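Bear in mind the structure is a predicted one, so any value in this text is a computation, not a measurement.
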Amino acid sequence: MAIKTFAAIDIGSFELEMGIYELAGKNQARCIDQLRHMIPLGRDAFSDEKISYTMVDEMCRVLKNFAEIMNSYHVDDYRAYATSAMREAKNNQIILDQIKVRTGLDVKLISNSEQRLLSYKAIAAKEADFNKMIQKATAIVEVSSGSMQMSLFDKDALVSTQNLGLGALRLYETLSGVQAAEETRLAILEEMVDNELFTFRKMYLKDRTIKNLIGTGKYIRHLAVWMSPDRDKSFISASTFMEFYKKLSSMGLDDIEDAFGVNKEYAALMLPSTLIYKRVMELTGAETFWIPGIQMCDGMAAEYGEEKNLAKFGHNFSDDIIATARNMAKRYKCHISHNQALEKYALAIFDSMKKFHGLGKRERLLLQIAVNLHSCGKFISMRDTSECAYNIIMSTEIIGLSHEEREVIANTVKYNLKPFQYEEARENMMLIAKLVAILRLANSMDRSHNQKLWDSKVQLKENELIVTTAYDGDITLERLAFEQKVDFFEEIYGVRPVLKQKRRV
């Protein structure tokens with residue numbers, strides 16, 4: 001198989017990074033070159049909500065240099081992603097246009113949930129260690145400049161994930177005006193971190209025992225070698241980590257610069273980031289700390305390899321996305337057996353209608369999520385379910401989904417009960433309409449919430465979608481609901497659904 005050369009560019013809150021990778025059909029991309037340029041974009045974005053022209057000018061010069069290096073490697077493809085600093089900057093669209101005009105690079109602004117999935121894919125590329133660790137209760141903690149992500153895995157499945165405003169740069173900037181002794185500043189930092197973590201523990205950890213931590217993020221990579229120079233540098237015991245933290249907290253900025261070979265600005269962020277990992281370890285009682293040494297560029301290369309059939313993961317990340325939706329449904333007291341029936345019906349309809357809807361695996365996944373969350377609004381209001389469900393979905397992070405995809409799901413759920421408004425759903429209007437038509441029909445098939453049509457078969461015959469059930473009881477409620485939904489389904493697809501009940505002799 002021919003080797004493909006791929007470039008990954010990460011426009012982060014504190015540095016620009018590019019990795020050049022070779023992919024040759026193996027499970028792990030090989031990094032052949034790596035470049036970094038420190039530039040504190042987050043300092044502008046988090047405090048002023050804009051990135052200054054001076055920063056933009058410097059960023060464009062560096063990215064132009066990256067583009068020239070890419071060309072020297074004759075890369076087959078590249079991806080450039082911007083994360084939290086650019087997300088929070090009000091002038092981000094102007095900046096992305098400037099980058100395109102001045103460097104020729106197309107940069108995609110990705111959501112936090114997309115960013116975190118890339119990190120998980122980079123970890124999963126280290127397949128043996130990742131799969132082994134997540135069999136037991138494990139927390140993946142990623143500390144970046146702008147935020148912290150904490151995700152809980154147990155028995156090979158993602159249990160929950162939350163983003164907290166505990167980025168190293170954000171914490172440092174908050175304390176920048178505080179004139180106090182270092183010990184006092186550390187105590188204040190701990191209080192800030194604890195305030196967020198205690199809320200997380202109360203809502204998501206409860207009685208869960210965490211055995212392992214997986215630490216990712218730019219700062220932890222620099223710390224890993226120094227923590228355990230004579231041992232396996234990936235795995236560190238809790239006691240070793242606590243000893244390391246004591247040493248680090250006693251060092252001045254000049255000492256940190258010398259010890260880790262970083263500049264003063266970077267050195268100033270190492271203690272706040274390490275403090276977050278320390279408090280998470282104390283909060284959870286984790287015994288082992290694994291530092292896989294990955295970066296977002298690794299995840300971008302892994303994802304690209306997966307899409308081009310050059311790499312394959314043992315872990316199914318689509319299952320994690322569905323697991324997140326199902327856990328949300330439990331949190332908002334949705335009727336789980338009803339949801340299970342709807343998933344079965346909706347996916348059977350989707351698969352039977354391939355010829356007419358022209359949608360793929362990704363849209364099928366969005367439909368599954370919408371099915372699981374279709375009634376979450378009842379948790380807040382039984383009268384205004386649709387709007388409440390829309391707001392819940394748009395306010396909740398679902399791992400691996402873009403903002404646009406979350407909006408598709410939220411609108412699909414919203415119009416499950418409300419009359420469809422074509423003018424309101426301008427963005428992705430046809431996709432939303434197609435998913436709404438399927439969700440409504442599937443929902444009607446379990447109108448009584450008693451799963452009477454569980455054995456039903458769905459088959460497309462000419463211009464009719466035949467739903468056949470052998471249930472020999474009364475399905476009057478389902479039949480009435482079904483008839484109310486067929487007109488909209490036919491309007492969208494040009495196919496009329498028909499419900500048939502086989503009568504036993």
Side-chain angles (χ1 to χ4, degrees), residues 116 119-120 122-124 126 128-144 147-156 158-162 164 166-168 171 182-183 186-187 189-251 256 259-260 269-294:
R116 303 312 169 184
S119 295
Y120 301 159
I123 301 170
K126 300 174 181 289
D129 291 329
F130 178 67
N131 289 337
K132 181 181 177 181
M133 288 202 86
I134 63 174
Q135 295 305 313
K136 295 181 180 179
T138 298
I140 298 180
V141 181
E142 180 168 0
V143 179
S144 62
S147 65
M148 163 205 167
Q149 190 81 15
M150 191 162 174
S151 304
L152 304 179
F153 281 83
D154 197 9
K155 296 177 183 176
D156 199 33
L158 179 66
V159 178
S160 66
T161 183
Q162 289 292 317
L164 290 74
L166 291 176
L171 288 176
E182 190 59 30
E183 187 176 332
L186 273 178
L189 274 177
E190 286 210 12
E191 287 180 359
M192 292 167 62
V193 171
D194 288 351
N195 181 53
E196 295 285 341
L197 290 182
F198 286 166
T199 302
F200 179 88
R201 180 175 66 179
K202 186 175 180 180
M203 293 184 68
Y204 300 102
L205 280 180
K206 296 180 180 176
D207 298 325
R208 194 181 299 277
T209 301
I210 301 298
K211 294 291 187 182
N212 309 305
L213 287 188
I214 301 177
T216 63
K218 296 181 185 299
Y219 311 105
I220 200 69
R221 293 202 311 265
H222 290 279
L223 302 172
V225 176
W226 205 69
M227 268 189 251
S228 185
D230 300 321
R231 307 180 188 185
D232 179 351
K233 299 178 180 63
S234 294
F235 294 90
I236 299 163
S237 68
S239 58
T240 299
F241 180 81
M242 293 305 174
E243 283 299 316
F244 165 76
Y245 177 78
K246 286 180 184 177
K247 291 178 185 177
L248 184 68
S249 60
S250 66
M251 296 168 69
I256 295 175
F260 299 105
L269 302 182
M270 292 184 117
L271 186 56
S273 64
T274 310
L275 172 65
I276 296 171
Y277 293 111
K278 168 187 173 279
R279 293 302 292 143
V280 171
M281 183 162 279
E282 290 173 334
L283 180 76
T284 60
E287 300 164 0
T288 305
F289 193 28
W290 178 35
I291 306 172
I294 58 92

(request) State, with a plain yes or no, whether a side-chain heavy atom of Thr274 is found less than 4.5 Å away from one of Phe241. (result) yes

(message) Using the rule side-chain contact (heavy atoms from CB on, under 4.5 Å), only one of Leu197, Asp194, Val193 pairs with Leu283; which is it?
(response) Leu197

(message) Just verifying a value: how many Å separate Asn212 CG and Thr288 OG1, rounded to the nearest 0.5 Å?
(response) 5.0 Å

(message) According to salt bridge (Lys or Arg N to Asp or Glu O under 4.0 Å), who are the partners of Glu282, at least two apart in sequence or on a separate chain?
(response) Lys278, Arg279

(message) I'd like to know whether Phe289 forms a side chain to side chain contact (heavy atoms under 4.5 Å, CB included) with Val280, so could you lay out the CA-CA distance, the side-chain angles of the two residues, the decisive distance to 0.1 Å, and finally the verdict.
(response) CA-CA 11 Å; Phe289 193 28; Val280 171; over 6 Å; no

(message) Any donor-acceptor pair under 3.5 Å linking the side-chain atoms of Arg116 with those of Ser147?
(response) yes

(message) Return the CD1 to CD1 distance between Ile214 and Ile123, rounded to the nearest 0.5 Å.
(response) 5.5 Å

(request) Side-chain contact test, heavy atoms from C-beta onward, threshold under 4.5 Å: evaluate it for Ser249 versus Leu271 and give yes or no. (result) yes

(request) Taking all non-hydrogen atoms of both residues into account, name the closest pair between Met251 and Ala259 and its distance. (result) CE-CB, 3.9 Å

(request) Over 60° means perpendicular and under 30° means parallel, so classify the ring planes of Phe235 and Trp290, tilted if in between. (result) parallel

(request) With rounding to the nearest 0.5 Å, note down the distance linking CG in Leu213 to CD1 in Ile236. (result) 11.0 Å

(request) Drop me the distance from Leu269's CG to Tyr219's OH, to the nearest 0.5 angstrom. (result) 4.5 Å

(request) Output yes when a side-chain donor or acceptor of Tyr277 lies under 3.5 Å from a complementary backbone atom of Thr216, and no otherwise. (result) yes

(request) Report the distance from atom CG of Leu171 to atom CG of Leu189, rounding to the nearest 0.5 Å. (result) 6.0 Å

(request) Supply the atom-to-atom distance Met150 CE to Thr284 OG1, rounded to the nearest 0.5 angstrom. (result) 6.0 Å

(request) Write down the atom of Leu158, the atom of Ser151, and the distance for their closest heavy-atom approach. (result) CD1-CB, 3.9 Å

(message) Looking at every non-hydrogen atom in both residues, tell me the closest pair between Ala238 and Ala286 and how far apart they are.
(response) CB-O, 3.5 Å

(request) For Val143 and Ala168, work out which heavy atoms get closest and say how close. (result) CG1-N, 4.3 Å

(message) Using every non-hydrogen atom in the two residues, find where Leu166 and Met192 come nearest and quote the distance to one decimal.
(response) CD2-O, 4.0 Å

(request) Please name the pair of heavy atoms, one in Gly215 and one in Pro292, separated by the smallest distance, quoted to 0.1 Å. (result) O-CD, 3.4 Å

